[in-house]
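Note that the structure is predicted; figures quoted are calculated from it, not measured.
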Amino acid sequence: MNCRAIWLAIVLGWNLSQMALAAGSKRRPSVSLKSRDLSSKDKETEKKSQPPREASYAALLGINIPHPLDLGIGLLQPKGTSYLLSVGYLNLDVKPGNKAKDIAISLTHIEARYRTEPYERHPIFLQLALGYQQLFLKGTRSTSFGQDQITIQTDVKGKMRVDSLYYTPKVGMIKHLNNGLTLSWGFGFMIPAYVRSSFEATITGDPLIDDLIRELEAYKATKRDLERVGKRVGQVGLPVLDIIELAYRF
């Protein structure tokens with residue numbers, strides 16, 4: 001009888017353990033389904049909190065150095081590849097005093113940009129821009145020359161034009177908002193690839209007198225001053241600082 005009771009207890013215990021295992025296996029899918037539901041809801045919430053990832057057209061407004069104001073359009077894709085086109089214009093009048101006067105500077109540029117955001121979790125962008133820049137520098141300098149005890153006072157008006165092709169590598173930070181607005185800041189270096197410059201002067205309108213004045217030191221000094229400033233802007237690489245750039249995705 002004792003052996004029989006022991007055998008029955010073993011069989012009963014085995015059956016109970018099997019029933020418990022079966023019951024546990026039946027309950028597991030319900031738990032996993034709940035966890036799946038929760039994870040899917042979390043993913044949906046996270047997806048709604050992030051801006052759309054598809055590419056869309058955008059309008060740009062940028063404030064930077066050396067181009068104070070840029071306007072542009074492009075195809076902007078958050079966390080992807082963007083293609084942008086921008087133009088800028090600057091007109092500045094300078095009153096240096098002394099013998100130089102009425103100096104005017106105008107700067108126009110247009111550039112195409114290729115931008116990528118390579119990191120999923122970091123707000124960093126890399127950009128390469130190719131552009132064309134045109135600089136006009138106009139100035140007037142009062143001068144006098146004498147010949148045969150006759151002194152003539154006149155103004156020498158010079159104009160420097162510098163055309164250049166350039167490329168600008170840039171790195172920066174970017175933030176895409178759910179309302180369609182994109183903010184970015186960046187730093188790069190503008191490297192001239194091709195530069196062409198020219199200088200013209202208008203003095204009295206008389207060819208003989210103008211040729212004579214062009215040999216004067218005052219005329220040569222005006223030319224050197226204009227060429228020096230023109231080379232700094234058009235022929236020398238410049239750092240580029242994006243103070244802020246705003247883009248609105250449609």
Side-chain angles (χ1 to χ4, degrees), residues 59-73 84-113 127-145 153-170 172 184-205 210 213-246:
L60 309 175
L61 172 63
I63 300 175
N64 61 67
I65 299 173
H67 304 128
L69 182 63
D70 272 358
L71 299 175
I73 57 173
L84 309 171
L85 181 68
S86 66
V87 296
Y89 178 74
L90 169 66
N91 191 7
L92 184 63
D93 293 328
V94 182
K95 301 293 184 180
N98 296 328
K99 293 184 178 181
K101 58 182 179 179
D102 299 333
I103 294 181
I105 301 173
S106 64
L107 182 65
T108 306
H109 82 104
I110 180 172
E111 68 178 28
R113 312 179 193 172
Q127 178 177 287
L128 179 63
L130 302 177
Y132 165 75
Q133 179 176 265
Q134 184 181 82
L135 168 70
F136 275 107
L137 182 62
K138 300 178 183 179
T140 302
R141 185 183 180 96
S142 297
T143 185
S144 59
F145 66 95
Q153 185 78 23
T154 187
D155 290 337
V156 178
K157 298 179 180 180
K159 181 175 69 175
M160 167 68 70
R161 172 176 173 174
V162 180
D163 299 281
S164 60
L165 299 176
Y166 65 88
Y167 61 95
T168 305
K170 185 182 294 184
S184 63
W185 305 264
F187 178 80
F189 198 81
M190 186 171 66
I191 305 172
Y194 170 77
V195 179
R196 182 181 63 184
S197 61
S198 61
F199 177 81
E200 298 177 0
T202 302
I203 309 171
T204 64
D210 288 353
I213 293 178
R214 288 189 179 95
E215 297 299 324
L216 298 177
E217 185 60 32
Y219 172 81
K220 295 178 181 180
T222 302
K223 182 178 179 180
R224 285 195 300 268
D225 292 342
L226 292 174
E227 287 179 343
R228 187 180 300 112
V229 177
K231 287 180 180 179
R232 287 178 182 175
V233 178
Q235 300 178 352
V236 178
L238 295 174
V240 177
L241 176 63
D242 288 343
I243 299 174
I244 189 170
E245 182 179 270
L246 305 176

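Between His67 and His109, the angle of the ring planes stays under 30°, which puts this pair in the parallel group of the 30/60° scheme.
Between the CD1 atom of Ile65 and the CZ atom of Phe187 there is a distance of 10.5 Å, given to the nearest 0.5 Å. In this structure, CD in Gln133 is found 10.5 Å from CG in Leu165, a value given to the nearest 0.5 Å.
Scored by the side-chain contact (heavy atoms from CB on, under 4.5 Å) test, Leu85 finds Ile110, Ala112 as partners (sequence neighbours excluded). Applying the side-chain hydrogen bond (donor to acceptor under 3.5 Å, both in side chains) rule to Ser197 yields no partners; only residues at least two apart in sequence or on another chain are considered. Every residue two or more places apart in sequence or in another chain that forms a side-chain contact (heavy atoms from CB on, under 4.5 Å) with Ser106 is listed here: Tyr89, Asn91, Phe136. Looking at residues two or more places apart in sequence or on another chain, you find a side-chain hydrogen bond (donor to acceptor under 3.5 Å, both in side chains) between Asp242 and Lys170. Residues forming a side-chain contact (heavy atoms from CB on, under 4.5 Å) with Leu61 (at least two apart in sequence, or on another chain): Leu69, Leu71. Partners of Pro68 under the side-chain contact (heavy atoms from CB on, under 4.5 Å) rule, at least two apart in sequence or in another chain, are Leu90.
Across all their heavy atoms, Ile191 and Pro169 have their closest contact at CD1-CD, 4.4 Å. When every heavy atom of Pro239 is checked against every heavy atom of Pro66, the shortest pair comes out as O-CD, 3.9 Å. Summarising the geometry of Val195 relative to Ser164, their closest heavy-atom pair is CG2-CB, 3.9 Å, with the distance given to 0.1 Å. Across all their heavy atoms, Tyr132 and Tyr166 have their closest contact at N-CE2, 3.7 Å.
Around CG of Leu241, the count of heavy atoms belonging to other residues, nucleotides or ligands within 6.0 Å exceeds 12.
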(message) Could you go through Trp185 and Ile244, starting from their C-alpha distance and side-chain angles, then the distance that decides it, and tell me whether this counts as side chain to side chain contact (heavy atoms under 4.5 Å, CB included)?
(response) CA-CA 5 Å; Trp185 305 264; Ile244 189 170; 3.9 Å; yes

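Looking at heavy atoms from C-beta onward, Leu60 lies out of side-chain contact with Asp70 at the 4.5 angstrom threshold. Contact annotation: the side chain of Arg161 approaches that of Asp163 to within less than 4.5 Å [non-hydrogen atoms, C-beta and beyond].
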